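Here's the structure we're looking at; comments come further down.
Each chain gets a letter, A, B and so on, in the order its sequence line appears, and its residues count up from 1. Just so we're clear, the structure is a prediction, and the values are computed from it rather than from any experiment. In what follows, every heavy atom counts, from backbone to side chain, and hydrogens, waters and symmetry copies are set aside.
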Protein chains: 2
Amino acid sequence: MLHRLTIQGRTVDELRQLAAERRTMAGSKEGHLRTLLLNEASLLEFYAELRAWMECTPAPSVRRGAQMAPTLPAQPIATNLSPLLTTFARRMVLSVSDQQALLSIAQARNFAKGELIVEEGSESAPLLLLCSGAARATRTLEDGSQQIVSIFLPGDPLNPGDFVLGRCGNSISTFSPALVLSIPGAELYPLLQQRPTIMRALWRETAWKAAIQREWLIWLGRKPAEARLAHLLCEIACRSLAGGRDSEDFEFPLTQRELGDILGLSTVHVNRVLQQLRNRKLVDLSRGRLTIFDREGLYEAAEFDSEYLDPAEARARS
Amino acid sequence: MLHRLTIQGRTVDELRQLAAERRTMAGSKEGHLRTLLLNEASLLEFYAELRAWMECTPAPSVRRGAQMAPTLPAQPIATNLSPLLTTFARRMVLSVSDQQALLSIAQARNFAKGELIVEEGSESAPLLLLCSGAARATRTLEDGSQQIVSIFLPGDPLNPGDFVLGRCGNSISTFSPALVLSIPGAELYPLLQQRPTIMRALWRETAWKAAIQREWLIWLGRKPAEARLAHLLCEIACRSLAGGRDSEDFEFPLTQRELGDILGLSTVHVNRVLQQLRNRKLVDLSRGRLTIFDREGLYEAAEFDSEYLDPAEARARS
DNA sequence: CGGCCGTTTGAGCCACATCAACCGGGGTGG
DNA sequence: CCACCCCGGTTGATGTGGCTCAAACGGCCG
């Protein structure tokens, strides 16, 4: 709220200036205050990037997206904004003006690693878009065990389905520090009426995530542990690739415990299966990095077919 | 196509007349021809019911639905049409005119038991609505094993998600003889533009089904066989109830093999678990009927909470 | 009446869970 | 700067839920 007010009248350069000030101030501080300042700085930088993008009405960036460039080349556009824009253009097939309409009513917020974003059972959260970091949707059972039912990468909407149902069926929390845009229902509803393409885009995202959940159902129901793990790694690699990251070696913030909570396996068993994959020279996963040595082999082990992740056909008839 | 043409100019009574003729003709025939005639008769009867409903513009029925009557009372409305209308009113929150707009471009078709409705991997099917019978969405793996990823009861849309993605991620086939409405994309697209409430309704249905799949993920990942089976039975009982059927004792067309394909269990084990539930006097399942003796106990065993199935809160802010 | 499909029952086995201990690194407090 | 601790990863031993294979049973349909 404070940020919204502070930001309203500022130019891009002023915002950057303010952010820089906070960063230098943070240099001389310690602990809690320091993180607070850094947090504010990062938000200000994000708003600066956002405003810069808004002002330059970057038709080229969007047109390039529409032409299906596999990765957006390095741009003045912020790394925090870029995955979201990629999703807007590629998966959601939104026009520039739709994108601007959405972003103009969005508020940014930082979340720490492991922080709760949405509480299970709460009513009607705003629509949330993940800009950077990674997140998960979880359900905790009576016996304390957890099941992760969905994971989110930069650019993914966190809760299109919950948004339209007006009820949150699961908690959402971060794997790593994350920047999240939130779009309040009160402002979004009228927009959905005016611009059916946005509504359709959110519908499509809901369906896309349901398609992913369907794959999860399949390996949970029918595949042995190694194939499950391999399939999950394939999925994440593909989605990361679409989000613009290197496909063979990238950050991977999940612990083995969390992998187990996704795959329906115990931590111990995840470890052993991971070693099998390592020994078969397919992947390596250590210290928060995933490296894929043999993509073909991994796909094979997972019986993975990336088609369900690719909205290419859908875009064809835009 | 033939039906569409035949039907165009007819009155309700003429349609009923034609249906009756076919039924009497069928009485004197045998085998294939007979089933063909009965099929045609049932379609004609459906169209008659549909037209009757259209003509009487049944505002009362809808208002009653909007007031959350738990079950639509017996009405002149056909049993084939009624579950769909219930869904329209309760879950999808569609106005009468929206309902009429949808139904006026719908074509009916009968499917036999076990027949394939949509082939996995095919592109852009029409939107399909299940009027009567039960259906499943399946994925078949390389080793021949199957996983059922979704089941459909009367009134459920079969493929809202696939429709918006323009790609069918799984096959859909019937459990029992079924009447299905199909709404071609070419006619539906303009309607979605004109009437955003219909688009939102389909989006909502997509989200609703995703919420169910999420529950499936949870028991597949974390719950033992007995709880899985119990949970599935609870879900079906609740959904049947919402569809207007008796809650404690109703038709249940799934074989134990099919239950296994849903629950990720072998047929043998489904059988044993089913016997456990029987011995604990919770349910009985035999000869295609499910009887619930102890609803409380069953919910307990399943750790079942019906909230995720109920669109009540969603409707509150219509 | 015979075949077929769905169900039932038993025996043996394996993938994965559980329990328990140890290791290694990075952050924290003294 | 060191000692500690806590968390994530690793390893081994042991138990078990659910699978597979195999065979028999019962009802339904041709």
Side-chain angles (χ1 to χ4, degrees), chain A residues 30-32 34-35 112-114 141 143-148 175-177 219-230 232 251-279 283-291 301, chain B residues 30-32 34-35 112-114 141 143-148 175-177 219-232 251-279 283-290 301:
Chain A
E30 285 303 323
H32 194 53
R34 177 187 161 87
T35 61
K113 174 183 166 134
L141 304 189
D143 65 357
S145 66
Q146 265 197 345
Q147 177 70 31
I148 296 178
F175 280 125
S176 50
W219 35 262
L220 273 180
R222 288 297 176 207
K223 293 197 185 171
E226 191 178 287
R228 287 189 211 181
L229 178 54
L232 177 66
E251 233 177 294
F252 190 87
L254 308 214
T255 74
Q256 293 184 358
R257 164 128 183 43
E258 290 157 346
L259 283 174
D261 286 342
I262 297 174
L263 302 167
L265 299 172
S266 68
T267 314
V268 183
H269 202 61
V270 168
N271 182 308
R272 296 198 228 266
V273 173
L274 215 36
Q275 288 174 60
Q276 287 179 37
L277 292 181
R278 253 198 289 267
N279 292 337
V283 298
D284 185 37
L285 175 55
S286 47
R287 273 162 298 107
R289 283 201 85 72
L290 176 65
T291 313
Chain B
E30 286 300 324
H32 195 52
R34 178 187 162 85
T35 62
K113 172 180 169 142
L141 303 189
D143 64 357
S145 65
Q146 265 198 346
Q147 177 70 30
I148 295 178
F175 280 123
S176 50
W219 36 262
L220 273 180
R222 288 297 178 207
K223 293 196 185 170
E226 189 178 287
R228 287 189 209 181
L229 177 54
H231 199 288
L232 177 66
E251 234 177 295
F252 190 87
L254 309 213
T255 75
Q256 294 184 359
R257 164 126 183 44
E258 289 157 346
L259 283 174
D261 286 341
I262 298 175
L263 302 167
L265 300 171
S266 67
T267 313
V268 183
H269 205 237
V270 168
N271 182 307
R272 296 200 228 265
V273 173
L274 214 37
Q275 288 175 60
Q276 287 178 37
L277 292 181
R278 252 198 289 268
N279 291 338
V283 298
D284 185 37
L285 175 56
S286 49
R287 272 162 296 109
R289 283 199 86 72
L290 175 66

Can you check side-chain contact (heavy atoms from CB on, under 4.5 Å) on A:L220 and A:Q147, steps first, answer last?
CA-CA 12 Å; A:L220 273 180; A:Q147 177 70 31; 4.1 Å; yes
Tell me the interatomic distance from A:Q276, atom CD, to D:dT10, atom C1', rounded to whole angstroms.
15 Å
Nucleotide by nucleotide, nucleotides 7-23 of chain C touches protein heavy atoms under 4.0 Å in the pattern (B base, S sugar-phosphate only, - none) SBBBB----BSBB----
Contact between B:F252 and B:R289 at the side-chain level, heavy atoms closer than 4.5 Å - yes or no?
no
Side chains of B:E258 and B:F175 in contact at under 4.5 Å (non-hydrogen atoms)
yes
Just to verify, what does B:D143 make a side-chain contact (heavy atoms from CB on, under 4.5 Å) with, not counting sequence neighbours?
B:L141, B:S145
Who are the side-chain contact (heavy atoms from CB on, under 4.5 Å) partners of B:S286, not counting sequence neighbours?
B:D284
Taking five pairs at each end of the helix from C:dC1-D:dG30 to C:dG30-D:dC1, what angle separates the two helix axes (nearest 10°)?
40°
Hey, are the side chains of B:L265 and B:L259 touching, using non-hydrogen atoms and a 4.5 Å cut-off?
no
With a 4.5 Å heavy-atom cut-off, do A:L232 and A:R228 have their side chains touching?
no
Which residues pass the side-chain contact (heavy atoms from CB on, under 4.5 Å) test with A:R257, not counting sequence neighbours?
A:T255, A:D261, A:T267
Around atom CD of A:E251, are there more than 12 heavy atoms from other residues, nucleotides or ligands closer than 6.0 Å?
no
Under 3.5 Å, N/O pairs linking protein and nucleotides 23-30 of chain D:
none

side-chain contact (heavy atoms from CB on, under 4.5 Å) between B:Q256 and B:L274: does it pass, once the steps are laid out?
CA-CA 9 Å; B:Q256 294 184 359; B:L274 214 37; 3.6 Å; yes
